[in-house]
Amino acid sequence: MSPRPLIVDCDPGQDDAVALLLAFAAREEFDILGITAVAGNVPLALTESNARRIRDLVGRPEVPVYAGCPRPMVRKPVTAERIHGATGLDGAGLPEPVHPVGQAHAVDFLVETLLAAPEPVTLATLGPLTNVALAIVKNPAILANLREVVTMGGAAGAGNVTASAEFNIFADPHAAHVVFEAGAPLIMIGLDVTHQAIATPPRLEAIRALGTAPAAAVCGMLDVYSAKTMAAYCHGAPLHDPCVIAYLLQPDLFAGREMRVDIDIGSGPCFGRTVCDWRGRSGKPANARVLESINADGFFALLTDHLARLPAGSA
C-alpha cells in the first residue's frame with residue numbers, strides 16, 4: 001500500500017514533539033504533506049519554531065512547516081508553560097532551526113492542499129483546533145477531501161485544566177465546536193485514554209537505551225515533563241499527543257465507540273468541556289468515535305520501535 005497522505009496540526013509542546021518524531025519515523029506508512037503550527041502550549045512563535053527544530057533533528061527539510069493562528073477564535077489566549085517550560089521543548093537541548101518556516105499561512109495551506117489533494121487526506125490534530133476550524137469556515141469544500149480527523153482533545157471524565165475541561169479544547173472551545181459540528185469523520189482521543197499512556201521510568205529507560213539523538217531528545221524532554229506532572233501522575237508523565245499517531249499506525253491498540261459529543265461554549269464552570277453522550281440521551285446522531293482505552297505496553301513498544309528507525313545523529 002502507498003503511504004497515507006497526512007497533515008499534522010500541532011502546538012509543540014514536548015508531547016507534540018514526541019508525536020512528530022513518531023510520525024517522521026513512519027516513512028512507509030505516512031506521506032507527510034506538511035506540518036501546521038498553532039498557538040497553544042506556548043505562543044505561535046515558539047510552536048512553529050519548535051516544529052522546525054524537530055524537523056531538523058530528523059533531517060526532513062522537504063516537509064514544510066507553516067505558522068497559523070496566534071490566538072483562539074474568541075476567547076483570550078491561554079498557554080501551558082508551567083508544564084512544557086518557557087520554550088515548550090525544555091529538556092530537548094535542540095539548536096535553533098536551520099530551515100525556514102513556509103511563507104503561506106497554515107489556514108491557507110490547509111485549504112489549498114485539501115482542495116487539490118488527489119486522494120483523501122488524514123488530519124492529525126495535536127493542539128487547539130483554531131487552524132482547522134478557520135480552514136473549514138473559509139472553505140467548507142475541504143471536508144470532502146478529509147479521510148478522517150484524529151484529534152487529541154477532550155475528556156469524557158475529568159479535565160486537566162479545569163474540573164471539566166481538557167487543555168486543547170479549553171484553549172479554543174469555539175474552534176472545537178466548529179470542527180465537531182462539521183460532519184467530517186472524527187476520532188477523539190481524550191484524557192480517558194492518554195492518562196493510561198504513562199511514561200514510567202522503565203519505559204523511558206528502554207527509549208534512552210537506543211542511544212540516538214532523537215531518543216536523547218525524547219528522554220530529556222520527558223524527564224522535565226515528568227517532573228512537572230509527577231504530583232498528578234505518580235509513575236510518570238502521560239503521553240497525550242503521540243496517541244494520535246499511534247492510533248493511525250496501529251488502531252487495534254485502542255478501543256472506543258461512536259457517540260454524540262457537544263462542546264460547552266457557555267460561560268459557566270463547564271466551559272470547554274466535551275459533553276460525551278455515552279447513553280444516547282440527547283437523541284442527536286453520533287458525530288465522533290470516542291476512544292476509551294489503550295494497550296499501553298503495546299503503545300510504548302510501537303513508540304520505541306519507531307524511534308529506533310530515526311537517524312542516530314549525535315546523541
Side-chain angles (χ1 to χ4, degrees), residues 8-23 35-55 57 65-73 75-94 96-97 101 106 123-133 150-155 159-162 165-176 179 189-191 194-195 197 199 217-218 220-233 236-245 272 274:
V8 181
D9 187 74
C10 56
D11 63 334
Q14 288 125 330
D15 56 330
D16 299 73
V18 178
L20 287 173
L21 289 171
L22 181 55
I35 297 168
T36 51
V38 67
N41 286 320
V42 287
L44 179 66
L46 289 171
T47 62
E48 64 88 356
S49 177
N50 289 343
R52 291 187 288 132
R53 284 182 170 89
I54 297 301
R55 179 181 65 177
L57 176 63
V65 174
Y66 298 97
C69 297
R71 52 153 297 158
M73 290 176 64
R75 66 155 304 152
K76 293 181 179 179
V78 293
T79 52
E81 287 92 346
R82 66 182 183 84
I83 299 296
H84 296 275
T87 69
L89 295 188
D90 283 17
L94 298 178
E96 290 294 316
V101 69
L123 181 56
T125 75
L126 314 179
L129 289 165
T130 318
N131 288 340
V132 180
V150 184
T151 187
M152 190 282 122
N160 65 350
V161 65
T162 71
E166 177 274 332
F167 176 82
N168 283 344
I169 304 298
F170 180 78
D172 197 343
H174 302 90
V179 174
I189 305 179
L191 300 179
T194 64
H195 283 173
V218 167
M221 288 187 291
L222 294 185
D223 285 342
V224 172
Y225 188 47
S226 294
K228 290 179 178 290
T229 58
M230 198 65 77
Y233 310 101
L239 291 193
H240 305 289
D241 295 328
C243 288
V244 170
I245 307 302
T274 45

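Since this is a predicted model, take the numbers as computed values, not measurements.
A distance-only check finds a donor-acceptor pair linking the side chain of Asp11 to the backbone of Asn41 [under 3.5 Å]. Using modelled atom types, no side-chain atom of Asp241 and backbone atom of Val18 make a donor-acceptor pair closer than 3.5 Å. Checked by atom type and distance alone, the side chain of His174 never pairs as donor or acceptor with a backbone atom of Met73 at under 3.5 Å. Between the side chain of Glu48 and the main chain of Val65, no donor-acceptor pair closer than 3.5 Å is present. Within the 3.5 Å criterion, the main-chain N or O of Pro238 finds no donor-acceptor partner in the side chain of Thr194. The main-chain N or O of Val132 is never found under 3.5 Å from a side-chain atom of Asp9 such that the two would form a donor-acceptor pair.
Residues Asp15 and His240 bring no donor and acceptor atom of their side chains to less than 3.5 Å of each other.
Not counting sequence neighbours, the partners of Ala106 by the side chain to side chain contact (heavy atoms under 4.5 Å, CB included) test are Thr36, Tyr66, Asn131. Among residues two or more places apart in sequence or in another chain, the side chain to side chain contact (heavy atoms under 4.5 Å, CB included) test is passed with Arg71 by Pro77. Remark: Ala199 pairs with Leu204, Leu222, Leu239, Phe300 by the side chain to side chain contact (heavy atoms under 4.5 Å, CB included) rule, at least two apart or across chains. Glu166 meets the salt bridge (charged side-chain N to carboxylate O under 4.0 Å, His left out) test with no other residue; sequence neighbours excluded. Thr47 is linked by a side chain to side chain donor-acceptor pair (under 3.5 Å) to nothing, counting only residues two or more places apart in sequence or in another chain. With sequence neighbours excluded, the residues satisfying side chain to side chain contact (heavy atoms under 4.5 Å, CB included) with Leu46 are Val42, Pro43, Asn50.
Between Gly153 and Asn168, the shortest heavy-atom contact is CA-CB, 4.4 Å. Pairing each heavy atom of Leu89 with each of Ala17, the nearest pair is CD2-CB, 3.7 Å. Of all heavy-atom pairs spanning Gly159 and Leu191, the tightest one is C-CD1, 3.8 Å. The two residues Pro128 and Val38 come nearest to each other via the heavy atoms O-CG1, 3.7 Å. Nearest heavy atom pair, residue Arg75 against residue Phe170, reads NH1-O, 3.1 Å. Among all heavy-atom pairs drawn from Pro12 and Ala51, the shortest one is CG-N, 4.1 Å.
Note on Glu96 versus Arg52: no salt bridge recorded, every NZ/NE/NH1/NH2 to OD/OE distance being 4.0 Å or above.
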Applying side-chain contact (heavy atoms from CB on, under 4.5 Å), run through Leu21 and Val218 and close with a yes or a no.
-> CA-CA 9 Å; Leu21 289 171; Val218 167; 3.4 Å; yes
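The line from CD1 of Ile169 to CE of Met152 is 8.0 Å long, rounded to the nearest 0.5 Å.
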